[in-house]
Every structure is written in structure tokens, then in C-alpha cells.
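Comments concern the structure below.
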Amino acid sequence: MYLIRASIIFTFLLLLSIYAPYTAFLNHEPHIKDKVIYIEKGDTLNEVFSSFLPLNFANKLFLKIYSFTNDLDLFQSGEYEIGNKSIIDIIYLIKSGETVTHKFKINEGLTIYDIENLINSSHLINDCSFLDCIDTNFPFKEGILYPDTYFYKKGMNASEILKDSHNRLENFLDNKLKNKVSDTLLSKEEILILASIIEKEAGNDQEKSTIASVFLKRLSIGMKLQADPTIIYGLLPNFDGDIKKSDILNKNNKYNTYMINGLPPTPISISSISSINASIDSIPGEYLFFVADSPTSHYFSKTYEEHLNKINQLGLNK
């Protein structure tokens, strides 16, 4: 009886002696250089903490005690933001599975080359290089994504985001065309191609319908579109930032709308919804020319003479 009582007292005193350092350990906020850790599938508590915490005998003991008394086993793999958190908060975080969520922004104006670079600089797995994973009804891969911000976890396949984005664009176009009162002048493919040119040319959303009407007017009378952004796209991915006279006269550039008739063969970028709407809803207008008169706007002219006068006025002929 005496031995049992002594053993209980000894155990009590032992637990009491480690309670304070154990509590201090759990509430300690370690100095962590890398604020984000990545947990692999099947990692143990010791393996997780050894990446940022010296695991001496005492620390291992405290983690073992906590693990044993709280039924900790496996954790959800992924990234965890652990900066400025105590040991106990980090344990709660990884136990809850609240992994880091990243943003993938597909912005209007991006080209297929931009998307490729964006994926390769992200935490996504690039299983869809140059959108080759997308099964589409369009005869091209450029400009077939819906611009928006998409959320993902590290190690997710890029194809999941890209296929979803493409499906959203398809659904938007189908609904838009289904609910349009009058027939559009263009096919679905042509809508995206024209919208991408509008996207690159417009200085603001308000003038997009006017720019669309200019290009539609030119198409209706067989006039070349003469859009600089199409030349640039045909020179990608090696464009040096300067359109030369030789580029304008280059008949081998199939995107050179100074040389080809009609629209180029594919879109030249991702288009915003406002540009797509302008492409669908606009009709040939009274203007045939436009020139930038500020960084965010254009001046529109009905005649070439008026257009040249405005160019001279702006000093762009020098």
C-alpha cells in the first residue's frame, strides 16, 4: 500500500515538475525564418516540427505527450502559414487542415505566352502547356479563357483552373448569343478575334463599342483593319517593343492586318467581358479611323483627311 501511494505521489510530482515547461513550450512562439511550411502526405508531428524547430529530448517529449493526449496522427498535406504563431497554434492550424490558398489571376489582355509564364512562376503543376489540355470547339487556343481570379492549393494541376475558365467563357458566349435580340454579324470565332483586338486598342471601356464599330465598318467595305497590336502578336514571343516599317510591310506575318484582308486567324489575347460585348452588340458605324489623343482615349474620324489633320495637330507625324 505504501509503495502504491509513493508511486502515485512520485508520478504526481513528476507531472507537476514538467507541467510548467510543457505549457511554456506549447505557448512558445518560435523564431521561424520561412513563414510557410509544406507538409508531405504521411508526415508525423516530429517530422513537421523538425523543419523549423530544434528537436531536443525535451521538445520531443512534449510533442509526444501532446500527440498522445490529443489523438494526433496524420495531417492534411499542403502549405501552412505558420509565421507569428505559437507551437499550440501551429498544431491547431495543421490539425484543422487550413492550408494556404493561392491566387491565379487570368487578366484580360494576357496572351497564351503570358499564361504559360504565369503558370510556370506559380505553385501549380503545369500539365497544360500552352493550353494543350483544353478540348475546345474553337480552332485555336489563344483567347479562350474567361478572365477572373481563381484560387488553388500548392501542387494543384493547372488544367483544373484552365478547363474551368474555358468552360465559363463557352457558357458566357452561348448565353449571350442565345439572349441577343438581333443576329450578330460575326461567328463565335470571329467575335473572340475582334474582341481581342478591341481589348488591345481601347483606352477605356466607354469607347470599346465605337472602336468595334470602326473595325466592323472596315470589314463591311473590305478595308484592311490596320491594327498595330495584331502585328505585335505575330512577332511574339520575340517582339522587342518597337514596330518597324519592315514589320508593317511584312507579308509573311499572318497577323499583319496592314497586309492581310479581314481578321487575323486567331485572337491576340484574352478579352474582357466588355470587349466581347462590344464585339457582339456593335454594328458598323460612321467612323473609319481613330488615333490616340491621350494615354486612355482616342479621337475618331469619318474621313482620312480629318484623321490626318488630327495626327498633325497631335504632332504624331514627326
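Side chains included, hydrogens not; waters and symmetry mates left out as well; all remaining heavy atoms used.
Using bins of under 30°, 30° to 60° and over 60° for the plane-to-plane angle, the ring pair His307/Tyr304 lands in the tilted bin. Between Phe25 and Phe62, the ring planes are tilted. Angles from 30° to 60° get that label. Ring planes of Phe104 and Tyr152: perpendicular class, angle over 60° (limits at 30 and 60°).
A centroid separation of 6.0 Å or more is found between the aromatic rings of Phe289 and Phe300. In summary, the aromatic rings of Phe290 and Phe215 are positioned with their centroids under 6.0 Å apart.
The number of heavy atoms from other shown groups lying within 6.0 Å of CZ (Phe151) is above 12. Residue Leu249 qualifies as enclosed at atom CG: its count of foreign heavy atoms under 6.0 Å is above 12. The number of heavy atoms from other shown groups lying within 6.0 Å of NZ (Lys224) is above 12. Within 6.0 Å of atom NZ in Lys244, more than 12 heavy atoms from other residues, nucleotides or ligands are found, so the atom counts as buried in its surroundings. When the shell of 6.0 Å around NZ of Lys302 is examined, it contains 12 or fewer heavy atoms from other residues, nucleotides or ligands. Sparse packing is recorded around OH of Tyr92, with 12 or fewer heavy atoms of other residues, nucleotides or ligands lying under 6.0 Å away.
Atom-to-atom distance recorded for Arg168:CZ and Leu173:CG is 12.5 Å, nearest 0.5 angstrom. The structure places OG of Ser67 at 5.5 Å from CG of Leu45, a figure rounded to the nearest 0.5 Å. With rounding to the nearest 0.5 angstrom, the SG atom of Cys128 is 5.0 Å from the CD1 atom of Ile134. Note that NE2 of His28 is 14.5 Å distant from OG1 of Thr23, once rounded to the nearest 0.5 Å. Within the model, atoms CD of Glu199 and CG of Asn107 stand 10.0 Å from one another, a figure rounded to the nearest 0.5 Å. Distance check: Glu201 CD to Asp228 CG gives 6.5 Å after rounding to the nearest 0.5 Å.
Looking at Thr266 and Tyr255, their side chains do bring a donor and an acceptor atom within 3.5 Å of each other. If you check the side chains of Gln313 and Asp293, you find no donor sitting under 3.5 Å from an acceptor. Side-chain polar atoms of Glu116 and Ser129 form a donor-acceptor pair below 3.5 angstrom. Side-chain polar atoms of Glu108 and Tyr146 form no donor-acceptor pair below 3.5 angstrom. For Asp127 and Ser159, the side-chain atoms include at least one donor-acceptor pair closer than 3.5 Å. Side-chain contact, Asn250 with Asn256: no donor N or O sits under 3.5 Å from an acceptor N or O.
Here the closest non-hydrogen pair linking Ile268 and Tyr233 is O-CD1, 3.2 Å. Pairing each heavy atom of Leu55 with each of Asn46, the nearest pair is CD1-O, 3.3 Å. Ser96 and Leu93 make their closest contact through OG-O, 2.7 Å (heavy atoms, listed as atom of the first residue, atom of the second, distance). The two residues Ala278 and Ile198 come nearest to each other via the heavy atoms CB-CD1, 4.4 Å. Closest approach of Ser77 and Thr99 over heavy atoms only: O-CG2, 3.8 Å.
Among Leu162, Ile161, Asn157, the single residue meeting the side-chain contact (heavy atoms from CB on, under 4.5 Å) criterion with Leu124 is Ile161. Applying the side chain to side chain donor-acceptor pair (under 3.5 Å) test between Lys208 and each of Ser213, Ser275, Ser282 identifies Ser275 as the sole match.
Remark: Lys141 does not engage Asp132 in a salt bridge, criterion side-chain N to carboxylate O under 4.0 Å. Under 4.0 Å is where a charged nitrogen must lie from a carboxylate oxygen, and between Asp174 and Lys188 at least one such pair does.
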**Study point:** Chi angles and distances behind the salt bridge (charged side-chain N to carboxylate O under 4.0 Å, His left out) call for Lys176, Asp281
**Key:** CA-CA 10 Å; Lys176 174 73 178 180; Asp281 296 332; 2.9 Å; yes
**Asked** Yes or no on side-chain hydrogen bond (donor to acceptor under 3.5 Å, both in side chains) for Glu79 and His123, after CA distance, side-chain angles and deciding distance?
**Response** CA-CA 10 Å; Glu79 283 183 297; His123 298 287; 4.5 Å; no
